[in-house]
Amino acid sequence: DDALRKDKAISTKFSGTTATVCLCLQEADGVLIHSANAGDSRAILVASGQAIDLTDDHKPDRESERERITGTGGHVSAANAETGAVARVWLDGSEQLPGLAVARSLGDHVASRVGVYAEPEVTTRRVACRPGDEVTLVLGSDGVFESRRMVEHMPAPNGSQHRLRG
């Protein structure tokens, strides 16, 4: 994020991205997965007939994210199920700028003034599995997981369906 801020050839005033990475380590009785995410990109593991969330989205209305943003003078508008509007980060209550739908991102340097930052949340999960078990790791951006038209169900390698949160 600091390198983006310093590179004047790239405009990050109102643009940015989210990110998710995973490091998977094979162990005798399964796999150890270290996941890091910033924003609403997501990692999901499908193993042993279960879809397991490895990350948690950084939405503005998540309590810890909202507290940080409002604590630095920002404003978080509420989601509206009737209109389909999602919670958004604003510089203030006038809701003029920037209208960002995530609470963490790389870039979006205007929103960084009100607590939107690039620091990832790191989690570790141990998943039991045996050699030969079919395991699928899915990393994707918000659009993949939030659009029911794109992903209603994640097909497991064996052909069964596993419902993903969305």
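The structure displayed is predicted, hence computed values, not measured ones. Computed over heavy atoms, backbone and side chain alike; hydrogens, waters and symmetry mates excluded.
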Establish whether V86 and V89 are linked, either directly or via other cluster members, by ILVMFWY side-chain heavy-atom contacts under 4.5 Å.
-> no

**Asked** Salt-bridged, D57 to R62, with N to O below 4.0 Å?
**Response** no

Sorted by chain and residue number, the side-chain hydrogen bond (donor to acceptor under 3.5 Å, both in side chains) partners of H75 (sequence neighbours excluded) come out as E95

Here the gap from S15 atom OG to I10 atom CD1, rounded to the nearest 0.5 Å, amounts to 9.0 Å

Would you say L23 and I33 make side-chain contact, with heavy atoms under 4.5 Å? no

For this session: Report yes or no: does D1 contribute a side-chain atom to a donor-acceptor pair with the main-chain N or O of G107 at less than 3.5 Å?
Result: yes

ask   = Looking only at atom types and distance, does a side-chain atom of R68 sit under 3.5 Å from a main-chain N or O of A103, one as donor and one as acceptor?
value = yes

Determine, stepwise, if the pair L32 / H34 fulfils side-chain contact (heavy atoms from CB on, under 4.5 Å). CA-CA 7 Å; L32 182 66; H34 301 283; 3.6 Å; yes

Point to revise | Cationic N near anionic O, under 4.0 Å, R104 to E119 | key: no

Item checked: T20 side-chain N/O to L139 backbone N/O, donor-acceptor pair under 3.5 Å -> no

Rounded to the nearest 0.5 angstrom, the NE2-CD distance for H58 and E65 is 5.0 Å

Check whether N37 reaches the backbone of D56 with its side chain - one donor and one acceptor, N or O, closer than 3.5 Å. yes

For this session: Please answer whether the main-chain N or O of A36 pairs with a side-chain N or O of T55 as donor and acceptor at a distance below 3.5 Å.
Result: no

Min side-chain heavy-atom separation T136-E134 under 4.5 Å
no

Shortest non-hydrogen pair, A111 vs P98, comes out as CB-CG, 3.8 Å

If we ignore hydrogens and angles and just use 3.5 Å, is the side chain of D108 paired with the main-chain N or O of S105 as donor and acceptor? no

When you group the ILVMFWY residues by side-chain heavy-atom contacts below 4.5 Å and let the links chain together, are Y117 and L100 in the same group? no

When clusters are formed by joining ILVMFWY residues with side-chain heavy atoms under 4.5 Å apart, either directly or through shared neighbours, do L25 and L54 land in the same one?
no

**Message:** Is there a side-chain contact between V76 and R88 in this structure, where contact means two heavy atoms from C-beta onward sitting under 4.5 Å apart?
**Reply:** no

Q: Taking the side chain as every heavy atom from C-beta outward, state whether C22 and L137 have any pair of such atoms under 4.5 Å apart.
A: yes

Given side chains that start at C-beta, do those of V127 and L45 come closer than 4.5 Å, heavy atoms only?
-> yes

*Check the hydrophobic clustering (I, L, V, M, F, W, Y; side-chain heavy atoms under 4.5 Å; chains of links allowed) and say if V114 and V102 are grouped together.*
yes

L91 vs V110 side-chain heavy atoms within contact, under 4.5 Å: yes

For the hydrophobic clusters of this structure (ILVMFWY residues joined by side-chain heavy atoms under 4.5 Å, transitively), does one cluster hold both L97 and I69? yes

With sequence neighbours left out, the residues meeting side-chain contact (heavy atoms from CB on, under 4.5 Å) with D61 are K59, R66, A79, A87

Q.
Checking the side chain of Q26 only, and the main-chain atoms of G30 only, is there a donor and an acceptor separated by less than 3.5 Å?
A. yes

